[in-house]
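Written below as C-alpha cells is the structure these notes are about.
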Amino acid sequence: MLASTDGEVVLPTPSQLPPGRKLRRKKTASRTPRAPLTLENVAEAAFQVIEREGLDSLTMRKLADELGIQAASVYWHVKDKLDLIDLLAEALFAGFVPEQWAEDSPTVEGEEWRAHLSQFARGFRRYLLSRRDAARILTNKFVMGPSLLRHLDEQLGWFRGAGVDNQTAAYGFYTTLVFVHGFVLWETSPLSAAVARGVDPRQYLDEMRAELDDLDPDEFPHAHALADALTRPGMDERFTFGLNCLLAGLVPHLRQSPGQA
C-alpha cells in the first residue's frame with residue numbers, strides 16, 4: 001500500500017507493483033435470487049416429509065428444513081400445523097382427477113348415477129392408498145377450497161340428477177365420503193401392536209383364525225363358525241361389498257320415475 005501526502009491509505013496501481021506481482025482484489029460471491037415461496041411449494045415439501053417419515057413426524061421445523069429456509073419463514077404462509085393440514089387437504093383434492101383413477105365397468109341402463117358414484121368411490125380409494133397418510137389428512141376435513149368445491153358440486157349433481165331430495169343428496173355425499181375415508185383408514189392401520197412392531201399381517205390373521213377355530217362352539221357359536229370368513233384376505237372384495245350396500249341403501253330414496261330406481 002502507498003500513503004498519500006494527506007495521510008490517506010491508497011492501493012497501488014498495477015504499474016506500481018513489483019515484476020510478477022498482481023493486484024489481488026476481494027471476490028464478491030454471486031447470489032442466485034431465491035424463487036418466491038408459494039403455498040404449492042409448502043404443500044409439496046410437506047408431502048415429501050410425510051412420504052418419508054409419516055404424518056406424525058411432520059413438524060414446522062422439518063418442513064422448513066425441507067424447503068431450505070428458516071422455520072420462522074414458514075409461518076408467513078401457514079399459522080401452525082393445523083393450518084398446514086388444511087392446506088394439504090386442499091392439495092390432495094386438487095390432485096385427485098377421477099378419470100385418471102377410474103375403472104372400466106358397464107353401466108346398467110337407468111343407473112348412471114350409481115355407476116358414476118361407484119367409480120368415484122373406487123377411484124378415490126385407490127388415490128388415497130397411493131399417498132401415505134392421505135386418508136388421515138382428509139378425515140373430518142371440510143375446507144372450502146376450490147378443489148373440494150368442484151368435487152362436491154359434481155357429486156351433489158349426480159345425486160340430485162338421480163331424483164333424491166336436497167337433504168338426501170347432502171347426506172348421500174357425506175356418507176359416501178366417510179365410507180371411503182373410514183375404509184382406507186382401517187386397511188392402512190396396523191391390525192395390532194404386534195403388526196405395528198413388524199409382524200406380517202397375513203401371519204397375524206392366520207393366528208387369529210386359529211384362535212377363533214379353537215373357541216368353544218357352544219359359548220361362541222357364530223365367531224367359531226365364521227373363523228375363515230372373518231380373517232380371509234381381500235380388501236377389494238370387502239370394499240366392493242360395503243360400497244354396494246351403501247348404494248343400494250340410497251335406492252329407496254329415489255323418486256320412482258322412468259329410468260330411475
Side-chain angles (χ1 to χ4, degrees), residues 35-55 58 63 66-67 77-78 83-108 111-162 164 169-189 235-244 246-247 250:
L37 188 63
T38 65
L39 290 177
E40 290 77 10
N41 299 146
V42 173
E44 185 55 37
F47 283 130
Q48 290 174 4
V49 174
I50 292 171
E51 286 295 332
R52 287 198 309 269
E53 305 178 40
L55 180 61
L58 176 64
L63 175 59
E66 188 72 25
L67 289 164
H77 299 272
V78 287
D83 200 34
L84 175 62
I85 298 302
D86 281 354
L87 174 65
L88 297 181
E90 167 62 17
L92 283 172
F93 278 118
F96 175 55
V97 181
E99 293 76 13
Q100 295 179 357
W101 297 89
E103 290 178 332
D104 293 329
S105 61
T107 299
V108 179
E111 291 190 350
E112 290 84 359
W113 69 273
R114 187 167 181 167
H116 174 84
L117 292 171
S118 177
Q119 293 276 21
F120 174 83
R122 293 170 187 274
F124 197 41
R125 174 190 170 225
R126 287 194 296 276
Y127 175 67
L128 294 181
L129 289 173
S130 74
R131 304 292 296 267
R132 183 175 181 180
D133 288 337
R136 292 184 58 197
I137 293 171
L138 291 180
T139 298
N140 204 30
K141 287 296 178 185
F142 194 48
V143 182
M144 282 292 98
S147 300
L148 172 58
L149 282 172
R150 280 193 294 271
H151 290 301
L152 172 65
D153 198 69
E154 181 181 9
Q155 302 313 311
L156 292 178
W158 279 98
F159 276 109
R160 298 183 75 197
V164 302
Y171 283 176
F173 172 74
Y174 173 82
T175 303
T176 303
L177 212 57
V178 169
F179 169 71
V180 177
H181 284 167
F183 195 93
V184 174
L185 282 172
W186 180 274
E187 66 181 319
T188 56
S189 299
M235 299 307 290
D236 291 343
E237 181 182 346
R238 294 169 188 262
F239 181 84
T240 298
F241 176 83
L243 179 60
N244 287 340
L246 187 156
L247 296 175
L250 291 171

Heavy-atom pair with the smallest gap, counting every atom of F179 and L246: CB-CD1, 3.6 Å
Closest contact, heavy atoms only, L250 versus G172: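 Minimum heavy-atom contact is CD2-CA, 4.3 Å.
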R125 to F239, cation-pi by 6.0 Å centre distance and 45° axis angle: yes
R131 to F47 six-membered ring, cation-pi geometry met (6.0 Å, 45°): yes
Output the distance between atom [atom1] ([X]) and atom [atom2] ([Y]), rounded to the nearest 0.5 Å.
| X | Y | atom1 | atom2 | result |
| --- | --- | --- | --- | --- |
| L117 | L243 | CG | CG | 8.5 Å |
| F159 | T176 | CZ | OG1 | 4.0 Å |
| Q155 | H151 | CD | NE2 | 8.5 Å |

Test: D153 and R160 ion pair at under 4.0 Å: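 A salt bridge is absent here (no side-chain N lies under 4.0 Å from a carboxylate O).
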Ring centroid separation Y127 to F120 under 6.0 Å: no
Donor-acceptor contact below 3.5 Å, side chain E66 vs main chain A46: no
Any donor-acceptor pair under 3.5 Å from H77 side chain to V42 backbone: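 Pair absent, no side-chain N/O of H77 close to backbone of V42.
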Any side-chain donor near an acceptor of the partner, R132 and T188, under 3.5 Å: no
